[in-house]
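Structure, as structure tokens:
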Amino acid sequence: LYNSCNKDVTFSWDSALRFDGETGPYLQYTHARTCSILKKVGDIDLSKVDTSILTEDSAFEIVKTLSTFGDVVKSAGEKYEPSYVTRFIMDLAQKFNKFYNECQIAVNDDTVRNTRGMLTFAVNRVLKIGLSLICMKAPTEM
């Protein structure tokens with residue numbers, strides 16, 4: 001589903017089942033990773049979320065990407081093009097993994113933990129919805 005409906009695809013099980021690159025298992029693993037992080041973060045206290053501390057470029061890229069999800073889904077439906085959703089969630093997963101590698105999320109500082117936890121929660125939900133739209137399961141563990 002990553003390619004446009006108008007393009008020919010040469011399918012390979014070896015390529016499709018890799019955990020790196022642009023594959024379903026990579027998306028599922030990223031969703032499972034967000035679930036694991038959210039367990040470590042614990043309950044998110046919204047009164048301690050301060051989005052002004054999300055100053056990292058990687059965090060900004062996630063927020064910017066998340067803001068377009070509704071438009072992507074609408075466009076995919078109007079054009080009968082599931083690859084729009086697939087490409088979107090792949091892009092989101094890659095941006096989240098970059099953020100995860102740059103920033104510790106489950107930290108002692110309440111404001112940082114809750115703010116980064118909320119961003120992780122948003123990514124988790126959008127990945128889950130996006131995977132559902134392309135008929136894939138969103139595992140909580142892998």
>> Within the supplied structure, the quantity of interest is the number of heavy atoms (other residues, nucleotides, ligands) at a distance under 6.0 Å from Asn101 CG; does it exceed 12?
In response: yes
>> Tell me whether the count of non-hydrogen atoms from other residues, nucleotides or ligands lying under 6.0 Å of CD in Glu56 goes above 12.
In response: yes
[X] side chain near [Y] side chain, heavy-atom distance below 4.5 Å:
X	Y	answer
Met90	Thr23	no
Lys137	Leu131	no
Leu38	Ile44	yes
Ile62	Phe96	yes
Leu92	Thr30	no
Met142	Pro139	yes
Phe121	Val41	no

>> Test side-chain contact (heavy atoms from CB on, under 4.5 Å) on Arg113 and Ile105; report intermediate values, then the result.
In response: CA-CA 6 Å; Arg113 184 180 66 254; Ile105 299 168; 5.9 Å; no
>> Which heavy atom of Cys35 sits nearest to which heavy atom of Asn124, and what is that distance?
In response: SG-ND2, 3.3 Å
> Nearest heavy-atom pair of Ala122 and Leu66: which atoms, and what distance?
Replying inline: CB-CD1, 3.8 Å
>> With clusters defined by side-chain heavy atoms of hydrophobic residues (ILVMFWY) lying less than 4.5 Å apart, directly or transitively, does Met118 cluster with Ile129?
In response: yes
> Do Val63 and Leu127 belong together in a cluster built from hydrophobic side chains that touch within less than 4.5 Å?
Replying inline: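 Result: yes, single cluster for both.
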> Can you check side-chain contact (heavy atoms from CB on, under 4.5 Å) on Asn97 and Tyr26, steps first, answer last?
Replying inline: CA-CA 10 Å; Asn97 284 314; Tyr26 174 79; 2.9 Å; yes
>> Using the rule given for side-chain contact (heavy atoms from CB on, under 4.5 Å), can you reason through Leu119 versus Phe99, listing the C-alpha separation, both sets of side-chain angles and the distance that settles it, and then say yes or no?
In response: CA-CA 10 Å; Leu119 183 61; Phe99 172 73; 4.0 Å; yes
>> Once ring pair (Phe, Tyr, Trp, His ring centres under 6.0 Å) is applied, do any residues pair with Phe88, and if so which ones, sequence neighbours excluded?
In response: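 Per chain and number, Phe88 pairs via ring pair (Phe, Tyr, Trp, His ring centres under 6.0 Å) with Phe69.
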Main-chain N/O of [Y] paired with [X] side-chain donor or acceptor, under 3.5 Å:
X	Y	value
Arg116	Ala106	no
Asn114	Asp45	yes
Thr115	Asp50	yes
Ser67	Lys64	yes
Thr86	Pro82	yes

> Taking atom types as modelled and ignoring hydrogens, do the side chains of Lys95 and Thr65 form a donor-acceptor contact shorter than 3.5 angstrom?
Replying inline: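 Yes, Thr65 and Lys95 have a side-chain donor paired with an acceptor closer than 3.5 Å.
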>> To the nearest 0.5 Å, what is the distance between CD on Gln94 and CG on Leu27?
In response: 8.5 Å
> What do the steps show when you test Glu141 against Lys39 for side-chain contact (heavy atoms from CB on, under 4.5 Å), and what is the final call?
Replying inline: CA-CA 11 Å; Glu141 297 180 326; Lys39 281 182 189 174; 3.9 Å; yes
> Out of Leu133, Val72, Asp71, which one pairs with Tyr84 under the side chain to side chain contact (heavy atoms under 4.5 Å, CB included) rule?
Replying inline: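 Going through Leu133, Val72, Asp71 one by one, the side chain to side chain contact (heavy atoms under 4.5 Å, CB included) with Tyr84 is satisfied by Val72 alone.
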